[in-house]
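To keep things clear, I will list the structure first and then write my remarks on it.
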Amino acid sequence: MNLDVAAFPHAPDEELAPLLEDLLVRPDFQEVYQAADAVRRQTVGDTVHIRALLEFSNYCRRRCRYCGLNAAHKQTRYRMTAEEILASAQEASAAGYRTLVMQSGEDPGFPLKLLGEVIREIKSRTGMAVTVSCGEMAEEDYAYLRRCGADRYLLKHETADPALYDQLHPCGTLGNRVGCLRTLKRLGFETGGGFMVGLPGQTPAVIARDLLLLRSIPCDMAGIGPFIAHPATDLRGCPNGSTELTKRAVSLARLLLPGANLPATTALGVLDGEEKSDVFSCGANVVMKKITPDPYKQLYEIYPSSMGKTDVAGERRQLEQQIRALGRIPR
Ligand code: SAH
């Protein structure tokens, strides 16, 4: 195989789609991993950014069929207060974090105005960059958050196949989701898309479309993670996404979006602790660490995972060591 890496960012979709599809399933992927690692080194370097993930509310009005926070589920719901959020942000900053990712379900009970004020306060007290990941909103709401100082917005498109999207999302359309991504980009957010690998009914051709959709925005960051079946959802019993296929998708995303921030997603670590270090060698340059305080952390169960007690500073130190051991630079 002779991979024309330079062509990936610009080649027309019609040319790339069959190539991506073929690469995703070929027996030997080593050459692509190596190419992605080389592109990563040239563009974003050896730094691995560690982001603090604060899950500040698990209320959600949506009913995404794969997600543990589905509004139809009877479960204990929580919403952190502004004071609690600020305290967590300050703890993260003191531990060395430079970015706070604020994630929640789509929670109309958390007033937008308050969210904006909290963001302003975090920025002025800590100087951290703030990424928001709170789902779909109206353009004026995104614009307000941007004015309050939000730097980035993470809104995974989940799947680029409209029929599969409709099957999985009884309350939303792919068109709306992608429309939100374009709006965020236009408003000057560093814009993050992404998708799940191994959704029931997903084919390699769909993953190829997912990758091309990221390029079409174009996304500044992309979260690509395996689907993990949640026992409380309709999709219980479905097989989990493959970590190998997920890593392949991350590598191809690196070739399509050479300068993007690509997390080794939390879900990948959940499936296999070993895989996570590996994913840093196939194009990823970011990792997120939950700093959500106990007992809220245990209640934010998008997919099942074993969670220890939160130790913001200690867990960060440990992760820094693991990153250094891989010859990379934690930041
Ligand atoms: N409400 C926000 C945050 C969603 S949760 C939003 O709408 O963007 C964050 C991400 O978790 C989702 O975008 C989805 O890709 C992922 N996720 C949800 N359920 C999952 C599952 N069962 N397996 C793997 N990832 C899942």
Side-chain angles (χ1 to χ4, degrees), residues 51 53-73 75 77 79 101-110 112 115 131-137 141-142 145 150 152-160 164-165 168-174 176-181 183-184 189 191-200 202 207 210 213-214 219 221-243 245-246 249-250 263-272 275 288 290 292 297 299-305:
R51 320 282 200 209
L53 174 62
L54 180 63
E55 300 144 326
F56 65 94
S57 165
N58 72 349
Y59 281 90
C60 191
R61 63 176 169 193
R62 299 181 65 130
R63 286 175 284 121
C64 307
R65 286 182 59 210
Y66 43 82
C67 183
L69 304 187
N70 186 318
H73 296 168
Q75 61 169 112
R77 302 282 173 168
R79 183 180 293 127
V101 182
M102 297 181 65
Q103 192 177 83
S104 70
E106 281 192 17
D107 178 10
F110 198 105
L112 184 78
L115 181 58
T131 303
V132 181
S133 178
C134 300
E136 295 175 34
M137 296 184 191
D141 295 349
Y142 286 145
L145 295 179
R152 314 187 184 125
Y153 204 103
L154 189 57
L155 184 82
K156 292 164 70 173
H157 67 261
E158 316 297 6
T159 176
L164 184 56
Y165 192 97
L168 295 172
H169 303 94
C171 39
T173 64
L174 179 61
N176 257 332
R177 195 89 179 160
V178 174
C180 286
L181 283 172
T183 301
L184 290 161
F189 282 95
T191 301
F195 57 92
M196 282 172 279
V197 172
L199 288 166
Q202 184 190 52
I207 300 178
D210 282 317
L213 175 54
L214 296 176
C219 287
M221 38 190 194
I224 300 169
F227 158 74
I228 303 177
H230 191 300
T233 64
D234 298 351
L235 302 184
R236 78 183 71 87
C238 291
N240 292 337
S242 135
T243 53
L245 192 57
T246 305
V250 172
T265 56
T266 334
L268 205 45
V270 168
L271 285 184
D272 186 345
E275 299 288 347
M288 290 193 203
K290 289 185 184 222
T292 310
K297 182 163 85 169
L299 298 173
Y300 196 89
E301 204 191 50
I302 291 175
Y303 45 79
S305 64

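Worth saying up front: this structure is predicted, and the values here are computed from it rather than measured. When a ligand or atom number is given, it counts from 1 through the structure's own listing order. Reckoned from all heavy atoms, side chains included, excluding hydrogens, waters and symmetry mates. We count residues from 1, following the sequence as given.
- Note on ligand 1: E158 sits in its first shell, one or more heavy atoms being nearer than 4.0 Å.
- For ligand 1 and I302, the ligand atoms under 4.0 Å from any heavy atom of the residue are 5 (S), 9 (C), 11 (O), 17 (N), 18 (C), 19 (N), 20 (C), 22 (N), 26 (C).
- Taking only nitrogen or oxygen atoms, main chain and side chain alike, L155 does not reach within less than 3.5 Å of ligand 1.
- Only the side chain of K156 comes within 4.0 Å of ligand 1, judged by heavy-atom distances.
- Rounding to the nearest 0.5 angstrom, the gap separating the CD atom in Q103 from the OG1 atom in T131 is 10.5 Å.
- Using a 4.0 Å cutoff on heavy atoms, R177 counts as a contact of ligand 1.
- Which of S57, G223, P226, G225 comes nearest to atom 24 (C) of ligand 1 through a heavy atom is settled by distance: it is P226.
- With a 4.0 Å heavy-atom cut-off, ligand 1 is reached by no atom of A229.
- A donor-acceptor contact shorter than 3.5 Å links the side chain of T292 to the backbone of E55.
- Taking a 4.0 Å cut-off on heavy atoms, G68 fails to register as neighbouring ligand 1.
- A cation-pi arrangement is found for R79 relative to Y59, the charged atom lying closer than 6.0 Å to the ring centre and inside a 45° cone about the ring normal.
- Contacts with ligand 1 closer than 4.0 Å are made by no heavy atom of E136, backbone or side chain.
- With ligand atoms numbered from 1 in the order given, ligand 1 contributes 23 (N), 24 (C) to contacts under 4.0 Å with heavy atoms of F227.
- Checked against a 3.5 angstrom limit, the closest N/O atoms of S104 and ligand 1 fall inside it.
- Ring centroid separation for the pair F195 and H157 comes in under the 6.0 Å cut-off.
- Expressed to the nearest 0.5 Å, how far CZ of R152 lies from CZ of R51 amounts to 4.5 Å.
- Ring to ring, Y66 and F227 are not that close: their centroids are 6.0 angstrom or more apart.
- For ligand 1, one of its N or O atoms has an N or O atom of Y66 under 3.5 Å away.
- For E136 and R177, the salt-bridge test passes: some basic side-chain N is under 4.0 Å from an acidic carboxylate O.
- Remark: side-chain polar atoms of R77 are paired, donor with acceptor, to backbone N or O of N58 under 3.5 angstrom.
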